[in-house]
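Taking it in order: structure first as structure tokens, then the write-up.
In listed order, ligands and their atoms are each counted from 1. What you see is a predicted model; the values in this text were computed from it and never measured. Computed from heavy atoms alone, side chains included, the values below leave out hydrogens, waters and symmetry copies.
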Amino acid sequence: MNLSALNTTALAMVAPGKGILAADESTGTIKKRFDAIKVESTEQNRRDYREMLFRSEGMSFISGVILYDETIRQHAADGTPLVKLIEAAGAIPGIKVDEGTQPLSGCPGERVTVGLDRLADRLATYYALGARFAKWRAVIDIDKDNIPSMTAIHVNAHALGRYAALCQAANIVPIVEPEVLMDGDHDIGRCFDVTRRVLNEVFRELRIQRVALEGMILKPNMAVAGKQSPDQAGVQEVAERTVQLLKECVPAAVPGIAFLSGGQSDESATAHLDAMNRLGPLPWKLTFSYGRALQAAPQQAWAGRTANIPAGQRAFTHRARMNALASRGQWTAALEKEAA
Ligand code: 13P
């Protein structure tokens, strides 16, 4: 393991004014996104869509792109590997390496993320294809009082630790993503408590499995109320409670924290990140690693039509710029109204 190289990559992933584009939707998930805009999910359409993003001006706000197995092997229409397009735009290619979730036996309504089998071999292949960081998403189901169980938290944290250790042995920076879902009618206090338990268990496992904190990035959820809760927290409360949570649980040796958007609206995801970065000096960089909150707008604008590529690129560039400003605490709602 080359810790200095891992630390250099991790710092570049959270470079000031930049964040990560999560474009690693599995074949099933991208089909859902394409269904919503009435585009058939063929290999070529998936390539054309992602090529549109990687060739857009918005890439100047992107430090790294998380890819899916199909995408890291694909070539643009002119034959250039998509990985080379990303590098040419000054961003680092990354790869999702988890293989989704399975029901957790004995724990109704809960899941465990799988994909550790042969992971060391797959990481070596991905490194050769150009990946310098990876992502593993642990999904933590939550309700008002029963779940998550200790079992679900433990098995998912253990897998994150194992994944992170294998990544570092392969000189790949692990993005450690424990996602406490927004689905449900729980309030922000419940999300705060559950996320604290999860993060504490994740960092316990990272220590036990000898993961170098300097060579990783944390990708957590924010402390927010469940989507179905009548009691939605305001922007300032989300920001303050999330930062309080991170200060309690995340050692300062971690170079950066790149949030998931998790189903927040585009503007909420930006406003929350901005409000956190206005809270004063923090031990780590706080930025974005958004999927939906960066891509919903360009997907709508593109709608699968070649003629709409410039509009799709403008929509992506606008969201990337808004989030880049938020990563510096320099975003305002008025800027949203500027033409995309
Ligand atoms: P969202 O921002 O849409 O939650 O996606 C980020 C991600 O990579 C989830 O694993």
Check ligand 1 against Tyr290 and write out every atom of the ligand that is under 4.0 Å from a heavy-atom position of the residue.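 What qualifies from ligand 1 is 2 (O).
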Starting from [atom], which protein heavy atom do you reach first, and at what distance in Å?
| atom | value |
| --- | --- |
| atom 2 (O) of ligand 1 | Ser261 OG, 2.4 Å |
| atom 7 (C) of ligand 1 | Lys219 NZ, 3.1 Å |
| atom 10 (O) of ligand 1 | Lys135 NZ, 2.5 Å |
| atom 4 (O) of ligand 1 | Gly262 N, 2.7 Å |
| atom 5 (O) of ligand 1 | Gly291 N, 3.5 Å |
| atom 9 (C) of ligand 1 | Glu177 OE2, 3.2 Å |

Can Glu51 and Arg55 be counted as an ion pair, charged N to O under 4.0 angstrom? yes
Less than 4.0 angstrom from a charged side-chain N to a carboxylate O is my criterion; do Asp98 and Lys135 meet it?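 So Asp98 does not pair with Lys135 through a salt bridge.
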Is the backbone of Ala239 close enough, under 3.5 Å, to the side chain of Thr242 for a donor and an acceptor to pair up by distance? no
For the residue pair Tyr49 and Trp302, does the interplanar ring angle fall in the parallel (under 30°), tilted (30 to 60°) or perpendicular (over 60°) class?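 Tyr49 and Trp302: tilted rings.
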Reference residue Glu25; test salt bridge (charged side-chain N to carboxylate O under 4.0 Å, His left out); the match among Arg137, Arg292, Arg50: Arg50
If you group Ile, Leu, Val, Met, Phe, Trp and Tyr whenever their side-chain heavy atoms sit less than 4.5 Å apart, what else falls in with Leu181?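 Once heavy-atom contacts under 4.5 Å are chained together, Leu181 belongs with Val139.
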For Glu87 and Lys84, run salt bridge (charged side-chain N to carboxylate O under 4.0 Å, His left out): C-alpha distance rounded to whole Å, both residues' side-chain angles, the deciding distance at 0.1 Å, then the answer. CA-CA 5 Å; Glu87 288 170 352; Lys84 294 289 170 216; 3.3 Å; yes
Proximity to ligand 1 by part of Ser289, non-hydrogen separation under 4.0 Å: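 For Ser289, the contact with ligand 1 is made by the backbone alone.
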Region of Arg292 that comes within reach of ligand 1 [heavy atoms, distance under 4.0 Å]: both
